[in-house]
Amino acid sequence: GCGDGRAPAKPGSGAAPVPPEAPALRPVRLQLNWMPEPEFGGIYAAKQDGLFARAGLDVEIIAGSAGTPTAQMTASGQVEFGIVGGDQVLTLREKGGDLVGLFAIFHTSPMGVMVRADAPWKSLQDLWASDATVAMETGLPFVRYLNQKYPGARVKLVPTGTGLAAFEQGIVQAQQCFISAEPVQMELKGIPVRVFSLADGGYDPYTVTVATSAAFLAKDREACAAFVRALREGWRRYLAEPAKYNPAIAKLNPGMTVAAMDVAAAKQHDLVAPPGTGANEVGMMERARWQTLARQLQELGTIKAAPAVIDDVFWNAP
Amino acid sequence: MPDAITVSGVRRAFDDGTVALDGTTLSVERGSVAVLVGPSGCGKTTLLRILAGLDAPDAGTASVAPVAGEGAARVSIAFQEPRLLPWRSALRNVALPLELARAAKADRDDRARAMLSLVGLGGAERKLPGQLSGGMRMRVAIARALVTRPQVLLLDEPFGALDEITRHQLDDLVLRLRAELGMTVVLVTHAITEAAYMGDRVFVMAPSPGRVVRAFEPGFGMRDAALRASPRFAAVVADLMQSLAGAMLAVPAGGVRA
Amino acid sequence: MPDAITVSGVRRAFDDGTVALDGTTLSVERGSVAVLVGPSGCGKTTLLRILAGLDAPDAGTASVAPVAGEGAARVSIAFQEPRLLPWRSALRNVALPLELARAAKADRDDRARAMLSLVGLGGAERKLPGQLSGGMRMRVAIARALVTRPQVLLLDEPFGALDEITRHQLDDLVLRLRAELGMTVVLVTHAITEAAYMGDRVFVMAPSPGRVVRAFEPGFGMRDAALRASPRFAAVVADLMQSLAGAMLAVPAGGVRA
Amino acid sequence: MSRTAASSRLRTALAAAVPPCAVLVACVCAWQAAVWVFRPGEYLLPSPIQVAQEAWDSRATLARAAWLTGLSAAGGFAIAACTGVLAGSVLAASRFLMRGLYPIATLLQMVPLVAIAPLLVVWCGYGWRTSVASAAIVSVFPVLASTLDGMRGTDRGLVELFGTLRAGRVQRWWKLELPWAIPSIVTGLRVAAGLSVIGAIVGEFVGAFAGNASPVGIVILSALREHRTELVFAAVLTAAVVGFVLFGLVSALGWVALRRWHASVG
Amino acid sequence: MSRTAASSRLRTALAAAVPPCAVLVACVCAWQAAVWVFRPGEYLLPSPIQVAQEAWDSRATLARAAWLTGLSAAGGFAIAACTGVLAGSVLAASRFLMRGLYPIATLLQMVPLVAIAPLLVVWCGYGWRTSVASAAIVSVFPVLASTLDGMRGTDRGLVELFGTLRAGRVQRWWKLELPWAIPSIVTGLRVAAGLSVIGAIVGEFVGAFAGNASPVGIVILSALREHRTELVFAAVLTAAVVGFVLFGLVSALGWVALRRWHASVG
Ligand SMILES: Nc1ncnc2c1ncn2[C@@H]1O[C@H](COP(=O)(O)OP(=O)(O)OP(=O)(O)O)[C@@H](O)[C@H]1O
Ligand SMILES: Nc1ncnc2c1ncn2[C@@H]1O[C@H](COP(=O)(O)OP(=O)(O)OP(=O)(O)O)[C@@H](O)[C@H]1O
Ligand SMILES: [Mg+2]
Ligand SMILES: [Mg+2]
């Protein structure tokens, strides 16, 4: 497979085999926060096509799972790069873990709340005023955000640990989701759903972000830049032709079929690269978005103070 | 009197090849005292276990004739070790058989207390087994065997850990209860004088394999202190001693090893 | 000869109020055999445990004079129960003290085997304790106590579960080893004849509380089968029996209860 | 007389408390020293002082969480204790049942809770029932195993004795095997007491309501996601306190049950 | 002679296998019947036939997962077994240590793994090390507790005997207390064998894996996420099989160790 080993790219695994006389590749590790899925499609595309190798890097992609502490691993230098949430960059910095965002996979946050199509609620506000049972990952800032935005909430919050079974069974009436994932599954099962987007609701962080530690960035800015450039090219290729890469990714994920990946890839396309995004703009982050996030988190009480210099928090590689 | 116990041609061989009993034959009249003597390891305990139904012969038959009365009280055994429940006081250990037979609480405590004082442990009712001396523990076990007033009593060297005077008292206690209840008694002992004193019939056993080599009737009617001092008694003891010495030298009869 | 063991004014009261020993005084000459007799529960085991260092007197002193030689072999005790390791064969149980003293393997097996055949268990080396009869287990324990060739030997009713002939053999074995090793022996026994035969000195104890009520010297030099049959011997036995009966009736000397 | 006894008992109890306290203090000091020396970053390992500060600040939340989780754990423990002792006794009574059911019982403890969470939530609903069920499932096996073990170890001689006394099966169980197995059962219960807390917390991870009154599991989950490591540690310590209380109760009960036993064997 | 012995031993082994198989078949039938009668919905409780079908289809994935998780569980179990027996022995040797450390040891089993995952992953790094550590943490306490328990139950008479024979502390441990405690330790190890599998899986839930290594925990998570309940059940059964193999190995070892013991006490 393409995920393992630090050996130079193998013949047949990509478009551009590395010439043997090339200088030794620099080994770096990238820690995912979930199993291999289309939301990491560009990463696998870059690996498969030898883009990392061409950039002088031997990238080891490490799959994560439900509780993998990628933010801490990245901040402490266990791995060079990790997938974290934008809000994690800010909260961890306050605790002494100086993460820096390098590449935002989703331009628009894919977070949403899904209800059945025939549910009575017309908006998040409606839902929050009801006494419905809602499955949410409490502790994530958006839950605080909703609670603060719609005060006097009566909804009953429960964990998401049952997967979709409780939603399907009707025991929970609303469920936190990635717009590109759970709703698709429900529709494939013949259960029509509606989704309230959180981004539309005013909370739109860079939800899936490749980050590194400030220390590594300071030490090896060039490697970081090379890594991000390869990643950007990988994403460009993946967005153009996900079906070319999905079979290899599916091999690494025991639970997900190629067909499911193809659907998810299609659904996420516009969230990663909204119409009109230039080829060199995928993954680029805006200062204003980070500033808004910092302000929102401060208002929620998740962080005590916004970072003094917002430019320390992220770095758009040239 | 009919026989209460008949053992005929019993053989018992253990897994490791030891033949503990072979061709053992004996019978015990109802209401009489049978004594088993023999060298250590000659199969006395094995035989008693077979009679108590705790072990089964590989060949031959052993039967304890059924008698009237409540089932539980029929056959009583005192093992070579005390086998007391360590968490129960002496009194409650003695009361155990009555408790298991669902006797009324007051009744069983009274009977247990009476039996404990008959074995000389009047003051020790509330002691736990760990607080008793070796001989006291054995006496608790004897009291437990007697408290049900059984019709067949199997005693495996119960008095070995007792001083001679206490032992004489318990000998007389057993004889008295025998007379009262018409009890059949099988007693294993190493004390030749005790064998002579107690036995209506004494069976001398020889080892390798265990078997009866002599059956002997001392023929004493009344037993009392005077008997122990009499020359008749001394003669029987000497005779028995001779038999025992003979049994130890007996040629193994088909035994597998010494 | 100097005293190997001195006990003076020893008192031992247990938590539950039982006074097992009070004002017990005795001494044992080096190389002699002291015998303790007394009714069941009079504190013999307690006294032996104090001598072995397993229990401590509440008042008074008890001392076993130090002797030359390896420490581990100094004092040896055979308990009233066999106390064998259930997972070790007879041979390996006997070899245990040598093993703990780090003797060479071949040597300790030889010595253990020799001792086992001296106690009459020549064929039973490989049996586990669960496969031995009660008397055989006790003999294994005795062999274990003797195998280190100790200088002080404490025996707590070790021969109670043995037939008289085996018992006589073991009596003679102990006397022989005593002569060979210059061993000091303290023997607890319930058999008056054994007390008379073995004892250079016999201490008669009375209960409630336990104490020595008579010290007695049979004064036999050579012991052999002829001695047992002699009238001298019978007289000593009768005398001892009398003392024991007296001890059982003795007025409690300040004891808290019967 | 009785006054002296009472005061001496108090002194014994105090003396018993010294070693764990000493070790605890040593541990805390070591932890603080480690934080000073290695500076692992607050987001990884906060110092005991920070944790104590956070615990104090969140005392109301933590106390409520401890109460809720404690109830679930205690309920699950009680169910596990009864079921385990009964099932262990039944299994000990029959060779066939033991061979047939013991392996099935081991299955119980090998099912990751998250895999059966949907079933559990559908059966028990959200709320305390799920965490009680989870606590019971997690802690039943040690009780069962140690009961089985203790009963099967009953002295053969005493079993024979009961046979000759024609004791019924129930009598043998109640008067011989159960008392004999008590030391072993108490050990099993001790293990179960600790496990029931973790079981309750894991149950809360999938099936508890989050709100003003959140149990420990929810507090831990939220704190983890907010990177409030001090609060995570404070909540874990709260769970430990709950566990200790349960453990202490079991030990005390066990001590009472064992007292006579030990008096007799020791 | 020896041929007969071998064949009779085979027959005994077969006879021993009958009860669990019978019970297993009964359980599977009951499950199938429940699915037919209650129709709970495939996403909640698939039928055994569906699970078997899925298990067969994913056999390569599951076999690999079983191997990876089995290695972690076995590694963690081995660590827990050694640590538990040693620590239990040390604690049994000293009243002070027991009082001081036993409570601390119970703490270990009350810490939800997810709470210390960051520390664990940062210490152990990614890959199998985290799941081995997690398996060891989860299963060490039962071993410790049962070792302690077994050793403290050593016959007082035999301890006295060793005292009079002037045995050293190590000799007493090795030649008396350890053999005496073996039945109890084996029970603890059995409990630990099952727990180590769940520990490994929970470790996988928080761990990270390079390459295409998907242990059971990952299969369960991704199947849950993808709503493939049959695959979840198939993976859970795979975990159970791994657990049974470990359990079986421990039982077999225990049987060998106990054989002489039982021969002697039984
Ligand atoms: N479970 C067993 N396995 C193997 N051999 C055994 C077993 N039980 C007893 N034996 C052997 O059977 C023989 C007779 O044992 P038994 O206990 O009946 O002797 P005994 O006459 O009662 O001896 P003692 O007077 O010493 O109690 C002995 O050689 C003993 O080793
Ligand atoms: N641990 C204990 N707790 C309370 N009382 C005890 C304890 N050990 C012994 N005793 C009591 O002390 C007295 C003497 O006991 P000991 O065992 O010394 O008697 P003994 O002379 O050896 O008797 P035997 O000949 O029956 O073995 C007995 O009354 C006994 O009940
Ligand atoms: Mg016998
Ligand atoms: Mg005694």
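Reckoned from all heavy atoms, side chains included, excluding hydrogens, waters and symmetry mates. Protein chains get the first letters and strands the later ones, always in sequence-line order, with residue 1 at the start of each.
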Quiz item: Looking only at heavy atoms, what is the nearest atom pair of A/Q78 and E/V121, with distance?
Solution: OE1-O, 3.7 Å
Exercise. Check E/I218 against A/M35 and note the closest heavy-atom contact, atom names and distance.
Key: CG2-SD, 3.3 Å
Self-check item: CZ/E/R39: more than 12 non-hydrogen atoms of other groups inside 6.0 Å
Solution: no
Self-check item: Contact class of A/Q185 relative to chain E, heavy atoms under 4.5 angstrom
Solution: side chain
Quiz prompt | Interface moiety of A/T68 toward chain E, non-hydrogen atoms closer than 4.5 Å | solution = both
Exercise. Let me know if E/L231 has heavy atoms under 4.5 Å from chain A in its side chain, its backbone, both or neither.
Key: side chain
Self-check item: E/E226/A/K189 ion pair, N-O < 4.0 Å
Solution: no
Quiz item: Looking only at heavy atoms, which two atoms of E/S214 and A/L252 are closest? And how far apart?
Solution: OG-O, 3.7 Å
Practice problem: May I ask you to check whether E/H227 and A/E182 show a side-chain donor-acceptor distance below 3.5 Å? | Solution: no
Quiz item: Checking heavy atoms, do the side chain of A/Q169, its backbone, both or neither come under 4.5 Å from chain E?
Solution: both
Quiz item: Does the A/S65 side chain pair with the main chain of E/E204, one donor and one acceptor, at a distance under 3.5 Å?
Solution: yes
Quiz item: Is a side-chain N or O of E/R225 found less than 3.5 angstrom from the main chain of A/G163, in a donor-acceptor match?
Solution: no
Practice problem: With side chain to side chain contact (heavy atoms under 4.5 Å, CB included) as the test, would you mind laying out the steps for A/Q72 and E/L119 before giving the verdict? | Solution: CA-CA 9 Å; A/Q72 288 94 330; E/L119 276 178; over 6 Å; no
Exercise. Return the option, out of E/L221, E/V232, E/T229, with the maximum number of heavy-atom pairs under 4.5 Å with chain A.
Key: E/L221
Quiz item: For the candidates E/G217, E/A235, E/G207, E/A223, which exhibits the highest count of non-hydrogen atom pairs separated by less than 4.5 Å from chain A?
Solution: E/G207
